[in-house]
Amino acid sequence: MVVTPWRQARPNLPESGCPFCPGGLEAPRPYRVAWIPNRWPGLPDGRHEVILHSPDHDSSFPALGVAGTARVIELWSARTAELGARTDVSYVFVFENRGRAVGATIDHPHSQILAFNLVPPIAQAELSQATCDLCGDPDDRLIVARHPAWLARVPWAPSWPYEVLIFPRRHVADLPTAGPGLRAGLAAILVDCLSRVERLLGAAVPYMLWVHQRPTTGQDWPAAHLHLHLAPLLRRPGTIRHLAAAELGAGVFFDPVDPQAAAAQLKTATGPS
Ligand SMILES: [Zn+2]
Ligand SMILES: [Zn+2]
Ligand SMILES: [Zn+2]
């Protein structure tokens with residue numbers, strides 16, 4: 001746990017308009033994508049950053065399209081490389097909380113990076129598995145989308161009813177080693193998956209997105225296979241799925257949607273929204 005009492009003072013919404021719009025408090029100059037230190041950091045020493053996705057306040061990854069999304073992913077990759085090179089950083093955690101329901105205080109499209117000085121427990125648990133789950137034969141019934149170099153599927157045991165795992169077909173460890181070609185493919189499948197989620201659960205669907213990649217400790221991490229978790233907060237349009245006592249106290253997740261049914265719905269959620 002990280003105790004961050006100074007964050008209690010941060011405003012729910014700044015009073016002087018959006019701080020992330022060009023000309024705003026945090027982004028005084030024009031930009032296409034940008035990274036800034038978090039003014040209310042969860043970790044000290046410049047280890048908490050904000051990534052601005054677009055100057056357009058109302059944008060989103062589907063609205064940015066593949067090229068615009070690829071610019072954001074290029075920045076995630078560059079920040080991963082730079083932060084990961086620090087001796088006080090063992091794990092670069094890239095994530096997005098989208099929507100008020102998931103606690104985003106500012107609507108302007110942005111993601112965040114926490115550069116931990118340890119390998120976080122969930123990443124550690126995934127990395128300690130003997131075989132790479134993502135290199136195994138995928139269950140066809142869980143596949144959401146197939147792209148030339150990437151796959152998207154519902155996990156065997158999702159924590160969120162419409163959770164999707166997005167991963168390269170090759171065993172690639174992290175964003176920097178993926179290279180620009182593979183990262184462009186990630187932009188395409190991410191836009192594809194988010195468009196499906198929006199069609200199925202509504203355009204304003206709140207979601208969480210996070211990247212799991214190789215720790216930056218310098219050791220060999222043979223099980224590290226780059227992937228993204230996309231976790232919409234809803235269990236059906238308009239209805240939030242709450243994590244409550246059973247999940248947090250017992251660590252057992254009760255999934256109201258059959259994973260294969262979730263995959264089938266996402267798979268067929270194509271075409272104009
Ligand atoms: Zn804005
Ligand atoms: Zn693998
Ligand atoms: Zn993971």
Side-chain angles (χ1 to χ4, degrees), residues 20 31-36 49-84 92-99 104 108-113 134 138 143-155 162-201 203 205-214 224-232 266-267 269-273:
F20 296 162
Y31 68 89
R32 283 214 293 184
V33 290
W35 70 271
I36 51 176
E49 296 182 350
V50 176
I51 306 289
L52 305 180
H53 296 181
S54 160
D56 178 1
H57 186 84
D58 297 314
S59 199
S60 65
F61 283 127
L64 281 172
V66 176
T69 299
R71 278 196 290 275
V72 176
I73 293 170
E74 284 304 304
L75 190 51
W76 288 348
S77 178
R79 298 313 301 154
T80 296
E82 183 156 338
L83 288 162
V92 180
F93 185 68
V94 180
F95 66 101
E96 179 188 12
N97 290 325
R98 172 86 175 175
H108 197 108
H110 69 283
S111 47
Q112 303 179 59
I113 298 183
L134 300 177
I143 296 284
V144 172
R146 292 176 193 277
H147 284 223
W150 290 80
L151 282 181
R153 70 159 161 85
V154 173
Y162 292 98
E163 182 174 348
V164 175
L165 285 175
I166 299 170
F167 54 97
R169 292 169 185 246
R170 284 196 284 129
H171 189 83
V172 172
D174 52 28
L175 287 169
T177 51
L182 201 54
R183 290 194 294 265
L186 170 56
I189 197 166
L190 180 57
V191 167
D192 180 7
C193 287
L194 276 167
S195 303
R196 290 168 191 272
V197 166
E198 288 186 355
R199 281 183 208 109
L200 190 63
L201 297 170
V205 57
Y207 67 82
M208 299 177 287
L209 176 70
W210 63 92
V211 180
H212 275 150
Q213 53 184 339
R214 174 167 52 192
H225 187 146
L226 170 67
H227 61 281
L228 279 69
H229 294 253
L230 167 60
L266 287 165
K267 191 173 182 173
T270 56
S273 42

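By convention here, the first residue in the shown sequence is residue 1. Given the structure is predicted, the values throughout are model-derived calculations rather than measurements.
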Checklist line | Nearest-0.5 Å distance that lies between atom CD1 in I51 and atom CG in L75 | finding: 4.0 Å
Item checked: salt bridge (charged side-chain N to carboxylate O under 4.0 Å, His left out) against R170, all qualifying residues, sequence neighbours excluded -> none
Next item on the list: Give a yes or no on whether the backbone of T270 and the side-chain of R196 come within a donor-acceptor separation of less than 3.5 Å.
Entry: no
Next item on the list: Output yes when a side-chain donor or acceptor of W150 lies under 3.5 Å from a complementary backbone atom of L190, and no otherwise.
Entry: no
Notebook entry, point to check: How close do P138 and I143 get, heavy atom to heavy atom, and via which atoms?
Noted result: CB-CD1, 3.8 Å
Margin query: Can you tell me how far apart OG (S60) and CD (E198) are? Round to the nearest 0.5 Å.
Written below: 5.5 Å
Check: Going from CD on E96 to CG on L230, what distance comes out if it is rounded to the nearest 0.5 angstrom?
Finding: 9.0 Å
Margin query: Between T177 and D174, do the side chains contain a donor N or O and an acceptor N or O under 3.5 Å apart?
Written below: yes
Note to self: Can you confirm whether more than 12 heavy atoms, excluding those of E82, are under 6.0 Å from its CD atom?
What the structure shows: no
Checklist line | side chain to side chain contact (heavy atoms under 4.5 Å, CB included) assessment of I113 paired with F93 | finding: CA-CA 6 Å; I113 298 183; F93 185 68; over 6 Å; no
Note to self: Between H225 and Q213, does the side chain to side chain contact (heavy atoms under 4.5 Å, CB included) criterion hold? Intermediate values first, please.
What the structure shows: CA-CA 6 Å; H225 187 146; Q213 53 184 339; over 6 Å; no
Checklist line | Side chains of L52 and W35 in contact at under 4.5 Å (non-hydrogen atoms) | finding: no
Margin query: Between R98 and F61, is the side chain to side chain contact (heavy atoms under 4.5 Å, CB included) condition met? List the steps.
Written below: CA-CA 11 Å; R98 172 86 175 175; F61 283 127; over 6 Å; no
Next item on the list: Run the numbers on L134 and L226 for side chain to side chain contact (heavy atoms under 4.5 Å, CB included), then give the verdict.
Entry: CA-CA 9 Å; L134 300 177; L226 170 67; over 6 Å; no
Note to self: Using 0.5 Å steps for rounding, measure from the CG atom of L165 to the CZ atom of R153.
What the structure shows: 5.5 Å
Margin query: Please give me the minimum heavy-atom distance between V205 and P232, naming the atom from each residue.
Written below: CG2-CB, 4.0 Å
Notebook entry, point to check: Rounded to the nearest 0.5 Å, how far apart are CG of N97 and CH2 of W210?
Noted result: 9.5 Å
Note to self: My understanding is that only residues two or more places apart in sequence, or in another chain, count here; which of them pass side-chain contact (heavy atoms from CB on, under 4.5 Å) with A184?
What the structure shows: none
Item checked: Residues which pass salt bridge (charged side-chain N to carboxylate O under 4.0 Å, His left out) with E49, listed by chain and number, not counting sequence neighbours -> R79
Margin query: Any donor-acceptor pair under 3.5 Å linking the side-chain atoms of R183 with those of S77?
Written below: yes
Margin query: Rounded to the nearest 0.5 Å, what separates atom CG in L209 from atom CG in L228?
Written below: 5.0 Å
Item checked: Close side-chain approach of F167 to V172, heavy-atom, < 4.5 Å -> no
Next item on the list: Verify the distance criterion only: is there a donor paired with an acceptor across the side chains of H53 and S59 at less than 3.5 Å?
Entry: no
Next item on the list: Please name the pair of heavy atoms, one in W76 and one in S111, separated by the smallest distance, quoted to 0.1 Å.
Entry: NE1-OG, 2.9 Å
Next item on the list: Would you indicate whether the side-chain heavy atoms of M208 and F95 approach each other to under 4.5 Å?
Entry: no
Next item on the list: Can you label the angle between the H212 ring and the H229 ring as parallel, tilted or perpendicular, going by 30° and 60°?
Entry: perpendicular
Margin query: Side chains of L182 and L186, heavy atoms from C-beta outward: is any pair under 4.5 Å?
Written below: no
Notebook entry, point to check: Are any side-chain N or O atoms of Y162 and backbone N or O atoms of A231, one a donor and one an acceptor, separated by less than 3.5 Å?
Noted result: no
